> 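Can you read through this structure? Questions will come right after.
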Amino acid sequence: MVCSRDRAAFLREALIAVTAALRAPDELIVVDSASRDAAVGQVATEAGARVVRTDRPGLGHARNIGWQAAERSVVAFTDDDCAPAADWTARVEAAFADATVGIAFGQVVGEGGGAALSTKVSELARRVEPGGSTDGLGHGANLSVRRSALTAVGGFDDQLGAGGRFPAAEDSDLAWRLVRAGWAAVFDPTSVVTHRKWRGRGPALRVMYRYGVGAGAAAAKARRLGDSSHRIRHEIWDEGLRMAGRHVRTGYEFGAVACVARAAGAAIGAVRGRRLRVDDTGRYVE
């Protein structure tokens with residue numbers, strides 16, 4: 001499944017790779033996430049996808065619309081600026097051979113000359129048992145979830161994700177809530193998606209800030225739900241200010257500025273998150 005908003009050219013390229021990875025039983029769903037013209041829907045239709053549209057922006061919301069329309073027992077997600085490997089869906093299926101697995105991530109490798117964002121490169125498989133830590137497990141560009149697990153926790157948090165109130169962390173938040181609900185989570189290095197690095201430094205800094213806002217909001221929610229792992233400190237300090245200090249010492253100025261932007265976003269997201277109610281499934285309520 002792919003969600004796209006006003007990026008028809010990117011979507012066209014992504015669907016070439018996604019379609020090549022599909023097997024006979026698989027279905028292709030594209031969610032037109034409040035695009036301002038008809039191009040996204042047209043590109044998706046030309047590729048043979050089933051198109052679902054929502055007029056409300058936000059990646060968490062769009063992904064909910066998509067998986068609820070799906071008919072298969074496992075839903076695999078990638079982004080419109082990504083290209084899955086040819087064996088992607090086969091690898092996804094293998095990850096869910098164990099009935100205790102609710103969510104699986106895979107590698108996201110960068111390609112191109114822009115800033116590296118949302119990559120996850122590792123040859124080491126990882127499994128998180130119920131109640132364990134999902135920190136750093138993977139990214140939503142290569143994410144698959146058992147449909148029954150999504151149903152059990154109410155799906156993604158509609159308030160999280162690009163274009164939403166808190167514009168990131170819908171993927172890591174879902175992983176945390178599923179493990180909290182008794183499902184296992186895995187990282188499978190044989191499942192590979194290539195992410196196009198197309199953003200320059202200015203746009204990348206804005207994205208890092210938004211990543212921080214989402215991560216801070218998710219961390220604040222987890223704390224309210226009884227998580228004692230100091231996730232807010234981790235987002236602001238470990239992934240932000242302390243990491244910025246390391247980059248300064250190695251002369252990586254852009255990395256330092258990006259980490260400071262992320263830390264600022266995390267602090268703001270945490271404060272804003274405290275103002276919203278949280279329902280029984282661990283999702284924010286407007």
Side-chain angles (χ1 to χ4, degrees), residues 1-7 10-11 29-36 40 52-70 75 77-82 103 105 108 117-118 134 138-143 145 150 153-178 195 199 203-225 231-232 235-236 239 261-286:
M1 194 189 83
V2 184
C3 301
S4 187
R5 186 184 188 199
D6 293 325
R7 299 204 308 198
F10 279 12
L11 179 64
I29 296 175
V30 171
V31 180
D32 181 348
S33 181
S35 293
R36 285 163 287 194
V40 163
V52 184
R53 178 178 168 86
T54 174
D55 292 327
R56 171 182 171 179
L59 186 55
H61 174 69
R63 286 184 161 176
N64 280 336
I65 295 295
W67 75 259
Q68 288 167 0
V75 185
F77 301 88
T78 191
D79 293 337
D80 63 3
D81 54 0
C82 293
I103 184 168
F105 293 91
V108 182
L117 295 169
S118 297
T134 56
H139 294 293
N142 190 355
L143 161 68
V145 194
L150 284 162
V153 299
F156 294 87
D157 190 322
D158 283 331
Q159 302 301 315
L160 300 178
R165 181 192 296 264
F166 303 111
E170 83 293 338
D171 46 5
S172 58
D173 173 75
L174 177 67
W176 178 81
R177 289 191 294 116
L178 285 173
H195 178 257
R199 292 182 176 89
L205 286 178
R206 290 191 287 274
V207 170
M208 286 295 290
Y209 170 78
R210 293 196 291 269
Y211 282 175
V213 173
K221 178 173 60 173
R223 181 175 180 179
R224 289 166 60 184
L225 293 171
R231 288 181 62 186
I232 297 177
E235 298 296 345
I236 297 174
E239 296 293 328
R262 191 182 191 284
I268 290 172
V271 171
R272 291 177 179 171
R274 291 171 182 164
R275 301 172 184 170
L276 295 183
R277 293 188 298 111
V278 178
D279 67 16
D280 293 339
T281 66
R283 297 182 303 165
Y284 277 122
V285 179
E286 289 186 272

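Model, not experiment: these values are computed from the prediction.
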> Assess whether side chain to side chain contact (heavy atoms under 4.5 Å, CB included) is satisfied between Val145 and Val75, documenting all intermediate values.
CA-CA 5 Å; Val145 194; Val75 185; 5.6 Å; no

> Met208 versus Leu117: any side-chain heavy-atom pair under 4.5 Å?
yes

> Between Asp279 and Arg277, is there a salt bridge with N-O shorter than 4.0 Å?
no

> Quick one: does any side-chain atom of Asp6 pair with a main-chain N or O of Arg36 as donor and acceptor, under 3.5 Å?
yes

> Do His61 and Glu170 have side-chain heavy atoms sitting under 4.5 Å apart?
no

> With rounding to the nearest 0.5 angstrom, report the CZ to CD1 distance, Arg223 to Ile232.
5.0 Å

> I need the Ile29 CD1 to Arg63 CZ distance, nearest 0.5 Å.
13.0 Å

> Restricting to non-hydrogen atoms, name the atom on Gly273 and the atom on Arg224 that form the minimum distance, rounded to 0.1 Å.
O-NH1, 2.8 Å

> So which atom in Pro57 and which in Ala34 form the shortest heavy-atom distance, rounded to 0.1 Å?
N-CB, 3.8 Å

> Heavy atoms, side chains only, cut-off 4.5 Å: are Thr78 and Val2 in contact?
yes

> Kindly give the heavy-atom pair with the smallest separation between Ala267 and Ile236, and that separation in Å.
CA-CD1, 3.8 Å

> In terms of side-chain heavy atoms, does Ser118 have a donor or acceptor partner in His195 at a distance below 3.5 Å?
no

> Side chain of Ser33, backbone of Ser4: donor and acceptor closer than 3.5 Å?
no

> Please confirm whether the backbone N or O of His139 pairs with a side-chain atom of Asp171, one donor and one acceptor, at under 3.5 Å?
no

> Would you find a donor on one side and an acceptor on the other, under 3.5 Å apart, between the side chain of Arg199 and the backbone of Ala204?
no

> Quick one, Ile268 and Tyr209 - any side-chain contact, counting heavy atoms below 4.5 Å?
yes

> Looking at every heavy atom in both Gly282 and Leu225, which two are closest together, and how far apart are they?
CA-CD1, 3.7 Å

> Do you know the tightest heavy-atom contact between Phe156 and Leu150?
CE1-CD2, 4.1 Å

> Relative to each other, are the rings of Tyr284 and Phe166 parallel, tilted or perpendicular (30° and 60° limits)?
tilted

> Apply the side chain to side chain contact (heavy atoms under 4.5 Å, CB included) test between Leu174 and each candidate in Val153, Asp157, Leu160; give the one that qualifies.
Val153

> In terms of heavy-atom contacts, does CG of Asp280 have more than 12 from other residues, nucleotides or ligands at under 6.0 Å?
no

> Spell out, as yes or no, whether a donor-acceptor pair under 3.5 Å connects the side chain of Arg231 to the backbone of Lys221.
no

> How many angstroms lie between CZ in Arg7 and CG in Asp79, if you round to the nearest 0.5 Å?
7.5 Å

> Would you give the length of the straight line joining atom CG of Leu205 to atom CZ of Arg262, rounded to the nearest 0.5 angstrom?
13.5 Å

> How far apart are the C-alpha atoms of Asp80 and Val40, what are their side-chain angles, what is the distance that settles it, and do they pass the side chain to side chain contact (heavy atoms under 4.5 Å, CB included) test?
CA-CA 10 Å; Asp80 63 3; Val40 163; over 6 Å; no

> Can a donor-acceptor pair be found, under 3.5 Å and without considering hydrogens, that links the side chain of Arg5 to the backbone of Val31?
no

> Please report the shortest heavy-atom distance between Phe77 and Met1, naming the atom on each side.
CE2-CE, 3.0 Å

> So, taking the atom named CD in Glu235 and the one named OH in Tyr211, what distance separates them when rounded to the nearest 0.5 Å?
13.0 Å

> Have Arg283 and Thr281 got a donor and an acceptor in their side chains that come within less than 3.5 Å?
yes

> Could you give the distance from CG (Asp158) to CZ (Arg165), rounded to the nearest 0.5 Å?
11.0 Å

